[in-house]
Amino acid sequence: MAVELLLLLLLCGSTISEMQPIHKSPPGTLDFGFVPVKTYDTHAYYEPGPIGILFSIVHSFLYVVQPNSFPQEVIRKLAQQKFGNIQNDYQKAIYYEIGFIICAALGLLFVLLLPLVGLCFCMCRCCDNCGGEMHQRQKKNADCRRGCFATFLFVTSLIISIGVLCAYAANQHLTDQVRGAKHLMYSNFKDLRIFLNDTPGQIDYLVSQYNTTKEKVLSDLNNVGPLLGFRVQEQLGKEVRPALDAALAMAGAIRETKEALENVSVSVEVLQEGTERLHANLTDVKAHLSNTLNDSACSAPQVASTCNMIRNSLHQLNINANYSGLPSVNLQLAKVNDVLKIDLSSLVQKGYTAFNDTPDLVMNQTRNILSDIQNVLESVGSNITSFTKSLPVEKIIADFTMYLSQSEAYVQDYFPVVEQYDFYRWLACLILCCMVILILVFYYLGLLCGTCGYDRHASPTTRGCVSNTGGNFLMAGVGFSFIFSWVLMIVVVVTFVTGGNVEKLVCEPFEDKTLFKVFDTPYLLNQHWKNYLSGILLKNPDINLTFEKVYSDCKENKGIYTSLHLESLFNINEFLNISMYTEEVSLKIEHININLSGIILLDAPGRQNLLNFSSSGVDGINFAAYLTEINKSITKVDLLSFANDLEARADQLPRGALENALKGHANSIRTIHDQQVIPLEQAMSTLNRSIRLLQKTSSELMEKVKNVINAVNAAQLLINNNASLVIVQETKKYMDMIIGYFEQYVNWVKESVTMDVAACKPIANVIDTAVDIFLCSYVTDSVNTFWFGLGGCSIFLIPAIIFAVKLSKYYRRMDTEDVYDDVETIPMKKAFIWYTQSCYDKLCGTVVADDTGNIGGP
């Protein structure tokens with residue numbers, strides 16, 4: 001029941017409706033901040049340090065002993081009590097354990113045989129066999145054999161020393177880690193308290209962030225004019241603005257037409273008057289030139305041809321264009337002036353102003369629904385608050401805190417007991433190490449005394465006390481080896497089988513999560529439940545909740561809501577149906593009724609004004625007549641060119657009155673050009689621009705005006721009759737934006753509950769601390785390293801015993817020895833020595849010789 005209450009507590013942060021997505025267009029992003037999450041103190045990671053090298057070596061050794069994969073099927077059958085139903089099960093189990101079985105069998109054989117061999121060895125030596133007799137034969141390679149035995153024994157002792165150091169280091173490491181485990185456990189308890197105490201605050205934060213959503217919604221509702229009004233205006237503006245722009249452009253065209261007509265009227269008048277004056281002046285100039293050319297001076301043969309040429313060009317001094325026949329535009333100008341009496345631009349600007357007031361119209365016409373929607377939002381907030389307050393959060397926290405306190409108190413009470421028993425274990429392991437150290441002490445002292453006290457010139461019977469003591473130390477080490485080795489091997493076998501199997505059956509499968517797969521086997525831990533974890537926690541074994549998934553999710557610090565699949569326990573809509581409130585908000589927004597019929601884009605006078613302009617007669621102007629005259633030059637000849645040519649011909653004449661007169665006429669022509677022709681050309685240019693502008697404006701003028709009026713009428717019709725469709729569409733988008741804020745809140749709450757609220761990292765830390773760190777890294781690795789070092793010592797005691805027994809012969813003082821005068825006569829001397837010593841034995845009874853020639857003491 002307590003577990004269910006905890007799940008309910010964690011779920012309350014996600015009491016948001018699973019409503020169908022309504023949001024179509026992306027709304028503005030809301031910033032809900034971050035769920036307050038405290039940092040946990042426990043780091044479930046263990047770095048063993050330098051001793052980790054020994055751990056790795058032991059792991060490699062165990063892989064050699066047992067390289068088989070984890071026996072999932074065998075473990076499942078054992079758990080389901082189906083093991084042994086078929087013979088194949090035993091074969092699989094034996095195949096998996098064959099490495100441990102062989103090593104354990106060899107260890108037991110060592111335990112049984114070594115004491116027996118030691119007993120037989122002692123009895124054999126008591127019978128003066130097996131090196132028990134205090135006599136040493138002289139051999140040529142005695143020094144070499146002694147050196148080799150000493151070297152081998154020293155190397156073996158070093159190996160045993162390394163092994164006992166490994167065992168001692170593992171023993172001390174386990175004790176140190178057990179003492180340090182107290183801090184690790186308290187750290188886990190602290191994290192669990194944080195886990196419990198912070199969850200309500202996280203839930204309150206989720207609930208409080210509803211205010212962010214509510215404030216944003218209210219802000220957008222208060223700004224419904226700028227938001228919804230601008231949306232409506234933007235959609236309607238796609239037709240309204242081009243129509244008004246066309247009407248405004250037509251108003252500008254009317255003003256331009258008036259200016260152009262005025263320019264045409266003025267320009268024509270100027271051209272008519274100017275051409276008359278120009279014609280009169282040119283006639284005068286032409287008459288004066290004729291008079292000058294009729295002078296007697298032009299009769300001279302040398303100037304007659306020049307005068308004739310000038311006389312023949314006089315007809316060019318005449319006007320070329322006739323502006324007097326151009327039609328008048330005063331009638332059209334008068335009509336356009338009548339049209340301009342009504343300011344069409346002002347009327348169009350009024351239409352713009354009315355259309356631009358759409359947001360204000362929307363604001364004014366939606367005031368009545370804002371209070372209703374605000375009441376709905378307040379109701380949602382109060383329901384969320386009341387629901388979270390109705391949950392027994394404080395009781396759940398109190399219950400679990402009490403349970404956690406009891407567990408912590410239990411650990412505090414019994415941890416000293418664990419430390420005390422660990423001290424006993426440490427002491428027992430230390431005694432085992434001391435056994436090996438005692439043996440090593442005897443070996444090292446034996447080597448030291450034997451090597452330092454040995455005199456190669458002394459005979460076996462005359463060896464010094466130090467050398468003899470070294471030999472005795474070696475034999476003492478051999479004796480203690482026989483006494484302690486079987487005890488050491490018993491401990492090695494027991495710890496090897498236990499620690500090795502824990503490593504292979506618990507630690508390695510836990511690391512690669514194979515162990516969780518076994519626990520997740522359907523109907524394994526309970527024959528009636530498919531999924532044990534969901535059955536014990538959620539009371540529904542059909543929910544696919546696995547140990548592996550829960551552990552992995554908690555390892556990734558996900559929320560417990562996701563890790564334990566709490567969504568299968570509760571129908572969130574029963575707790576808080578947000579969709580019901582969003583529907584209510586949607587209905588109220590959909591009932592927004594906005595009337596834009598008061599917007600007048602262009603009134604009747606404005607339309608009539610456009611029609612009057614189209615019938616002003618501008619399109620009836622005879623543009624061809626104007627363009628014909630405009631395209632002509634003012635005079636038939638360029639007066640400047642004529643004047644220059646006249647002056648050039650005058651220069652060809654002899655200097656005199658005739659030359660001066662012609663040059664005077666040339667200057668008169670230039671003056672006429674500057675004072676009369678140039679102004680006329682400017683007036684003609686103005687006329688040209690104005691006529692072409694009028695021609696362009698009047699082109700299909702009636703059709704253009706009709707198009708403008710039709711566009712304005714269509715836009716006005718859209719506002720009057722079809723604006724409701726646009727308003728409905730934009731209101732739907734506006735509603736989606738408002739509902740989108742709720743969806744953002746819902747999605748944020750779901751994501752927060754999934755990842756942040758009640759993040760179950762402490763649960764994974766507790767499992768890692770108990771199994772991976774304490775059981776595997778602290779205990780199992782230390783125990784395995786201990787038996788690995790102690791087992792190596794025990795095994796190398798066998799060659800050490802052999803080398804020590806062999807070497808002691810060369811250090812101990814013998815009772816008898818072989819005596820030779822020289823080496824070359826050894827075979828002949830043996831018979832003599834045997835005879836002599838036999839006689840001495842008969843007389844004195846102090847020397848005994850066997851039939852082989854060996855001499856020994858009594």
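Under the 3.5 Å distance criterion, the side-chain polar atoms of N501 are matched with a main-chain donor or acceptor of V497. With hydrogens and angles ignored, the 3.5 Å screen pairs no side-chain donor or acceptor of D781 with any backbone N or O of F55. Between the side chain of S777 and the backbone N or O of D772 there is at least one donor-acceptor pair closer than 3.5 Å. Side-chain atoms of K549 never come within 3.5 Å of backbone atoms of S563 as a donor-acceptor pair (strictly under, hydrogens ignored). Using modelled atom types, no side-chain atom of K806 and backbone atom of F149 make a donor-acceptor pair closer than 3.5 Å. Checked by atom type and distance alone, the side chain of T498 never pairs as donor or acceptor with a backbone atom of T495 at under 3.5 Å. Looking only at distances, a side-chain donor or acceptor of N68 sits under 3.5 Å from a matching main-chain atom of Y95.
Separating the CG atom in L505 from the OG1 atom in T514 is a distance of 11.5 Å, to the nearest 0.5 Å. Atom CG of D413 sits about 9.0 Å away from atom OH of Y410, to the nearest 0.5 Å. Rounding to the nearest 0.5 angstrom, the gap separating the CD1 atom in I101 from the CG atom in L108 is 11.5 Å. Here the straight-line distance linking atom OG of S485 with atom CG of L797 works out to 6.0 Å at 0.5 Å rounding. Distance check: I490 CD1 to F110 CZ gives 10.5 Å after rounding to the nearest 0.5 Å. Atoms CG and CH2, from D176 and W426 in turn, are 10.0 Å apart once rounded to the nearest 0.5 Å.
Tested against N784 for a side-chain contact (heavy atoms from CB on, under 4.5 Å), the candidates V502, L54, L62 yield a single pass: L62. Tested against C793, the residues I162, I159, V164, V492 include a single side-chain contact (heavy atoms from CB on, under 4.5 Å) partner, V164.
Residues Y778 and L184 are in side-chain contact: their nearest non-hydrogen atoms beyond the backbone lie under 4.5 Å apart. The shortest distance between side-chain heavy atoms of V491 and W787 does not fall below 4.5 Å. Put simply, the side chain of F195 does not reach to within 4.5 Å of the side chain of K761, judged on heavy atoms. Counting heavy atoms from C-beta on, the side chains of S782 and T175 never come closer than 4.5 Å. Side chains of Y46 and C776 form no contact here, defined as non-hydrogen atoms less than 4.5 Å apart. A 4.5 Å side-chain heavy-atom check between L515 and F70 finds at least one atom pair inside the cut-off. Contact of the T469 side chain with the V466 side chain is not registered, since no non-hydrogen atoms from C-beta on lie closer than 4.5 Å. Taking the side chain as every heavy atom from C-beta outward, H173 and T785 never approach each other to under 4.5 Å.
There is no side-chain donor-acceptor pair under 3.5 Å between T42 and N765.
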Under the side chain to side chain contact (heavy atoms under 4.5 Å, CB included) rule, what do L112 and L116 come out as? Steps first, then yes or no, please.
CA-CA 7 Å; L112 295 175; L116 184 61; over 6 Å; no
Pair S405, R193 - check side-chain hydrogen bond (donor to acceptor under 3.5 Å, both in side chains), show working.
CA-CA 9 Å; S405 299; R193 289 183 185 278; 3.2 Å; yes
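A salt bridge between D422 and R179 is absent, with no side-chain N of the basic residue lying under 4.0 Å from a carboxylate O of the acidic one.
Aromatic rings from F510 and F516 are positioned such that their centres are separated by under 6.0 Å. In this structure, the ring of Y551 has its center no less than 6.0 angstrom from the ring center of F547. For F154 and F803, the gap between ring centers reaches or exceeds 6.0 Å.
A pairwise comparison of heavy atoms in M475 and V805 identifies SD-CA, 4.2 Å as the closest pair. Smallest separation of non-hydrogen atoms from T780 and C507: OG1-SG, 4.1 Å. Between D191 and P762 the shortest heavy-atom distance is O-CG, 3.9 Å. P799 approaches T156 most closely through the heavy-atom pair CG-CG2, 4.1 Å. Minimum interatomic distance between A169 and I51 (heavy atoms only, all atoms of both residues): O-CD1, 3.9 Å. Across every non-hydrogen atom of S794 and M489, the tightest pair is CB-CE, 3.5 Å.
Taking the six-membered ring where tryptophan is involved, the planes of Y424 and Y421 are perpendicular, since the angle between them exceeds 60° and thus also 30°.
Annotation: Y532, atom OH; neighbour count of heavy atoms from other residues, nucleotides and ligands within 6.0 Å does not exceed 12.
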When the side chains of residues 430-449 are checked against the rest of the protein, which donor-acceptor pairs come out under 3.5 Å, sequence neighbours left out?
from : atom 1 : to   : atom 2 : distance (Å)
Y443 : OH     : S481 : OG     : 3.1
Y444 : OH     : S157 : O      : 3.2
Y444 : OH     : S161 : OG     : 2.6

